[in-house]
**Student:** 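Please find one structure pasted underneath; my questions will follow.
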Amino acid sequence: MTLHALYERLHAAYGAQCWWPADTPFEVMVGAILTQNTAWTNVEKAIANLKREQALDAQILAHTEPALLVEWIRPSGYYNIKARRLQNLCRWLLDAGEEEGLRTIDTPVLRAQLLTVNGVGAETADSILLYALRRPVFVIDAYTRRLFSRLGLIDGAESYEELRELCERSLVASTDTVHLFSEYHALIVTHAKQACRKRPMCQNCTLRLHCPYQPQ
DNA sequence: TGCCAGGGATTAG
DNA sequence: CTAATCCATGGC
């Protein structure tokens, strides 16, 4: 099976995903930090708080008292670390001239700049690049690695960068690469959430793909 | 009840 | 360069 073929099967099973659920690119960035190793339902509560406080803005978040920001994002967990990470990202964004200032920067350069922000690792950077800044970057997460590995599409020992470049090389979209990459990552997460946790093979999975929780 | 979620930094070997 | 450890809430 090829990466293309897997995409077709996932799309046929789950349909269009239309990720990332957010009203603005900045909300995507905030969500990308808050969802680090955290259930999305918890992130929703934190973002709802930020909206209620009318604080979903880089200028405001960058200058908010950390103790206050911590209270707003508490439901998303790791609140002390994430408050600092959010402010790091906001300050970087403001320094760069916000989204307009980023528009002319080449994707590889932009990616390297994002990775200099403390608290922004490879997956967070790529989520921001793809879903907030609409750059053709393939997001790798634990689900992706596990699914591809169990289907024999990859070796499994590849580094993050190797795997990302492999996916980007293999998936040459006919028209809209950003759309393809956006949908693909979303479909993988949707499939992982639908798959069973305990049974050796997902019973309600019409794809006959290996359950992501199944031990190797 | 214990496990885990749309990771990353830090520290130790 | 790889492996452990820390960070923390809420849902099932």
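Quantities reported herein were computed from a predicted structural model and do not represent experimental measurements. Sequence lines set the chain letters: A, B, ... in the order given, protein chains first and strands last, and positions in each chain run from 1.
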**Student:** I need the A:L56 CG to A:L61 CG distance, nearest 0.5 Å.
**Tutor:** 6.5 Å
**Student:** What is the separation between atom CD on A:Q17 and atom C1' on B:dG6, rounded to the nearest whole Å?
**Tutor:** 13 Å
**Student:** Measure distances between side-chain N and O atoms of A:K45 and base N and O atoms of C:dG10, and say whether any donor-acceptor pair falls under 3.5 Å.
**Tutor:** no
**Student:** Once side chain to side chain contact (heavy atoms under 4.5 Å, CB included) is applied, do any residues pair with A:E158, and if so which ones, sequence neighbours excluded?
**Tutor:** A:I154, A:D155, A:E162, A:L163
**Student:** What's the CD1-P distance between A:I188 and B:dG6, to the nearest Å?
**Tutor:** 14 Å
**Student:** Could you state the atom-to-atom distance from CD of A:E158 to P of C:dT2 in whole Å?
**Tutor:** 13 Å
**Student:** What pairs with A:R85 under salt bridge (Lys or Arg N to Asp or Glu O under 4.0 Å), at least two apart in sequence or on another chain?
**Tutor:** none
**Student:** Could you give the CG-to-P distance, from A:L34 to C:dA8, as a whole number of Å?
**Tutor:** 13 Å
**Student:** Of A:N37 and A:T41, whose closest DNA chain C nucleotide lies nearer the 5' terminus?
**Tutor:** A:N37
**Student:** Can you tell me, in whole Å, how much space there is between the C1' of B:dG8 and that of C:dG11?
**Tutor:** 24 Å
**Student:** Would you measure the distance from the C1' atom in B:dG7 across to the matching atom in C:dC12 and give it in whole Å?
**Tutor:** 22 Å
**Student:** Taking only residues at least two apart or on different chains, which pairs with a member in residues 58-67 of chain A satisfy side-chain hydrogen bond (donor to acceptor under 3.5 Å, both in side chains)?
**Tutor:** none
**Student:** Tell me, which of residues 46-54 of chain A have any heavy atom that sits under 4.0 Å from an atom in DNA chain B?
**Tutor:** none
**Student:** Please give, in whole Å, the distance from B:dG7 C1' to A:I128 CD1?
**Tutor:** 12 Å
**Student:** Expressed in angstrom and rounded to an integer, what is the separation of A:Y79 atom OH from C:dT9 atom P?
**Tutor:** 4 Å
**Student:** Hey, is A:W20 stacking on B:dG6? Ring centres under 5.5 Å, planes under 30°.
**Tutor:** no
**Student:** Go along nucleotides 8-13 of chain B 5' to 3' and tag each nucleotide: B for a protein heavy atom under 4.0 Å from its base, S when only backbone or sugar atoms are that close, - otherwise.
**Tutor:** BSS---
**Student:** Looking at residues at least two apart in the chain, or sitting in another chain, which of them share a salt bridge (Lys or Arg N to Asp or Glu O under 4.0 Å) with A:E27?
**Tutor:** A:K51
**Student:** Please identify each residue that fulfils salt bridge (Lys or Arg N to Asp or Glu O under 4.0 Å) with A:R164, with sequence neighbours left out.
**Tutor:** A:D126, A:E161, A:E168
**Student:** So, using ring pair (Phe, Tyr, Trp, His ring centres under 6.0 Å) as the criterion, who are the partners of A:F138 when residues are at least two apart?
**Tutor:** A:F181, A:Y184
**Student:** Mind checking ring pair (Phe, Tyr, Trp, His ring centres under 6.0 Å) for A:W92 and listing every partner two or more places apart, or none if nothing turns up?
**Tutor:** none
**Student:** In whole Å, I'd like the distance from the CD1 atom of A:I73 to the C1' atom of C:dG10.
**Tutor:** 15 Å
**Student:** For residues A:A62 and A:Q87, report the shortest heavy-atom separation together with the two atoms involved.
**Tutor:** O-NE2, 3.6 Å
**Student:** Please give the distance between the C1' atoms of B:dA9 and C:dG10 as a whole number of Å.
**Tutor:** 24 Å
**Student:** Would you measure the distance from the C1' atom in B:dG6 across to the matching atom in C:dT5 and give it in whole Å?
**Tutor:** 22 Å
**Student:** What is the distance, to the nearest angstrom, from the CG atom on A:D126 to the C1' atom on B:dG7?
**Tutor:** 13 Å
